Protein chains: 2
Amino acid sequence: MTASRKSPTIQDVARHANVSAATVSRVLSAPERVSETTRERVHAAVSETGYTINQAARSLRLKAARTILMAAPNIGNPYYSTVLDAVIGEASSRGYSVLVATRIGDDPNRWLHDYLLSTRADGLLLFDGSLDTNSLHGLGAEGVALPLVAAYDEIPDPKVNSVITDNRLAAKRAVRHLADLGHTKIAHVIGPSRNQSTNERLLGFQEAMRELGLPVRQEWLHPGAYNTESGTAAAAQFLASGELPTAVFCGNDEMAVGLIHGMRQAGIECPRDISVVGFDDVSFAPYYNPPLTTMRQPREEIGRMATRSLIDIIEGGAKESDPVHVVLTSELIVRESTRTIR
Amino acid sequence: MTASRKSPTIQDVARHANVSAATVSRVLSAPERVSETTRERVHAAVSETGYTINQAARSLRLKAARTILMAAPNIGNPYYSTVLDAVIGEASSRGYSVLVATRIGDDPNRWLHDYLLSTRADGLLLFDGSLDTNSLHGLGAEGVALPLVAAYDEIPDPKVNSVITDNRLAAKRAVRHLADLGHTKIAHVIGPSRNQSTNERLLGFQEAMRELGLPVRQEWLHPGAYNTESGTAAAAQFLASGELPTAVFCGNDEMAVGLIHGMRQAGIECPRDISVVGFDDVSFAPYYNPPLTTMRQPREEIGRMATRSLIDIIEGGAKESDPVHVVLTSELIVRESTRTIR
DNA sequence: TTGTACGCGTTATCAC
DNA sequence: GTGATAACGCGTACAA
């Protein structure tokens, strides 16, 4: 209720404890370098005054914010939000805060400047596959080493640290699963084309089909957008294609669900009439009706590993020489949305 | 490739443009207060040097970080992630960054200190209903006005700004919908008890049942945790209760889905044998099988409004006198998981 | 073990 | 319209 008083500074604490500001600072960051008695006095003064360190001043002095930035295309998507959860867990356990940004806009360079080269964030966790790593790496070349971990897909630039999953291999395994069940008429719902993981999955699909000697029909390739709506649109497209595929490999679970929904509207039941494989194994996948067969992405693992690498890079200094490349494997989870062909 | 050079400061720009640092600062924040010609010269110097403002220094000087903090219990939950998406959208359109924190820990005071009273964030968006607003408000009383908007439920403390939904009313409407369909044996899957919205929904359920002259059976009340697992557990409990309810009102969609799944395992089909109403209308609700009847929460709206209020408070200074209280209404979305009783 | 003095990069204030 | 100057709060040589 009192009028808004200035928050206490390290000087105030120093006065309270009859020591210098430097000593207070030492108590807070290197307690062993100060005597037992003064340490106690300072601690008491800290709680008396309700002192909290001023992060802005600290960041200015240290040229580090102890904050990382996670950039994702759409945090409302369950995939990214699960990853974010893991990122926050790992980061905060190491004393880092997490800044989140979406919809990066058309000028990633300007944007990155704003965030990273401004003592706002010490490093970038890049989950946006639609971004060009060249323009990012260009930043690093300006003289400032940019701690960056890309965690969305096969990175073309080996200089960029990355945590990825084997999208292509995973896609092949999904298609093989369908083929093992006797399916030969297999369609694919593709993700957004700007996204690199999309392309890897498409490549895996095509590769598997070729290896199996199965034809890829253009009408059975639907360009989607990783959301339920495009799954439903895919269903409409396949329905209109004259002949119906007996199985569909979808680029993610949301599209799979949209597809199944759309098919059901037309009287085509999954898995009775059509088998569907999703991708990601989002939280509701096992609870869907039918429970979804899908490629599980180790989302928490991705978030954890990427964060760990990034902070290691930040703290270890920029060891430009040896970029980290982690490849995690996806797992086929067979549930009830796929079955042997009649 | 060059050795890591220091990033350019406002002084460097000033030298390049043959002006003082003060002028550069003015060009950046109040361009109209500087002549056309020097303005151009400064802009040129900015791009030549690749200058970016140092936010830490700026925050230190201004005592503001242009950053807000969103605290939520679990960002992996689709409910919060959708809200976060809206929060980020609104915040960035007003030039603010968003810091996200979960797992606040046992000492919210200390935690808030760290984040808020340290020029790291200018305000708090509180989505964690398990937190005690008293200890939060206590902070404000220490002399520092804490910009805070609580956005999870009916706030007991009228001094705290809030954006809420009418949970109790919404619960009543859900139950009435079931009763209108002829149901009298109605169960409820409750959310986590620490959460206040849970209690409001429970209260609404009980109130509606009383007004309808319907009995509330203890075995048909299941204490859940807002996740799919507890929905399945609820199904098991109801199955074991001797008599099965013909309808269930679930505290959120994830539990509804878990319940339907669990029931199906036991041969009880929804909506044939049991009607289910969820809460939230998460993204997959319309695509579930059966499409879920649910109370839609205006999640984006909640995120937007809360963020807007918070930033207004931050920028308008702490007008302690008139806290903002926004109540948004939920909407009943009737789909196919509910039907008239046989 | 502790204190002094300086600088991190910015903006507001006051002159000119 | 523009420049000089001080101050924001902290950490760290260096000195004692």
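Here is the naming used below: chain letters follow the sequence lines, and residue numbers restart at 1 for every chain. Worth saying up front: this structure is predicted, and the values here are computed from it rather than measured.
Closest heavy-atom contact between B:Ile68 and B:Ile314: CG2-CD1, 3.9 Å. Of all the heavy atoms in B:Ala306 and B:Leu125, the pair that sits closest is O-CD1, 3.6 Å. Looking at every heavy atom in both residues, B:Val163 comes nearest to B:Ser309 through CG2-OG, 4.4 Å. The two residues A:Arg39 and A:Pro31 come nearest to each other via the heavy atoms NE-O, 3.4 Å.
Side chain of A:Ser25 to main chain of A:Ala21: no donor-acceptor pair is present (N/O by atom type, distance under 3.5 Å, no hydrogens or angles). A donor-acceptor pair under 3.5 Å is formed between the side chain of B:Thr9 and the backbone N or O of B:Gln11.
Note: CD (B:Gln11) to C1' (C:dC8) measures 12 Å, nearest angstrom. Whole-Å rounding puts the A:Arg120 CZ to C:dT10 P distance at 14 Å. Spacing between atom CD of A:Glu32 and atom P of C:dT2 amounts to 13 Å, rounded to whole angstrom units. A straight line from CZ of B:Arg15 to P of D:dG3 spans 14 Å, rounded to a whole angstrom. Rounded to an integer number of Å, the gap from CG of B:Asn54 to C1' of D:dC8 is 13 Å. Per the geometry, CG belonging to B:Asp12 stands 13 Å off C1' belonging to C:dC8, to the nearest Å. The separation between B:Ile10 atom CD1 and C:dG7 atom P is 19 Å, rounded to whole Å.
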Toss me the dot-bracket line for DNA chain C: Watson-Crick and G-U wobble, both under 3.5 Å, 5' to 3', using | for pairs to another strand and [ ] for crossers. ||||||||||||||||
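Among residues at least two apart or in separate chains, salt bridge (Lys or Arg N to Asp or Glu O under 4.0 Å) pairs with a member in residues 14-36 of chain B are B:Asp12-B:Arg15.
When the side-chain contact (heavy atoms from CB on, under 4.5 Å) test is applied to B:Ala65, the partners found at least two apart in sequence or on another chain are B:Ser59, B:Thr67, B:Asp122. Every residue two or more places apart in sequence or in another chain that forms a side chain to side chain donor-acceptor pair (under 3.5 Å) with A:Arg304 is listed here: A:Glu301.
Under 4.0 angstrom from either OP1 or OP2 of D:dG9 there lies no side-chain N or O belonging to A:Thr9. Close to C:dG9, at under 4.0 Å from its OP1 or OP2, lies a side-chain N or O of A:Lys63.
Annotation: of the two residues near DNA chain D, B:Val19 and B:Ala57, the 5′-most nearest-nucleotide partner is B:Val19.
Of the residues in residues 33-47 of chain A, none lies under 4.0 Å from DNA chain D by heavy-atom distance.
Under the 3.5 Å distance criterion, with hydrogens and angles disregarded, no donor-acceptor pair is assigned to the side chains of A:Thr49 and A:His16.
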Would A:Val324 and A:Val149 count as a side chain to side chain contact (heavy atoms under 4.5 Å, CB included) here? Give the steps. CA-CA 9 Å; A:Val324 181; A:Val149 173; over 6 Å; no
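The residue A:Leu60 sits close to a base: some heavy atom pair falls under 4.0 Å.
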At a cut-off of 3.5 Å, list every protein nitrogen or oxygen paired with a nitrogen or oxygen from nucleotides 12-16 of chain D, distance to 0.1 Å.
none

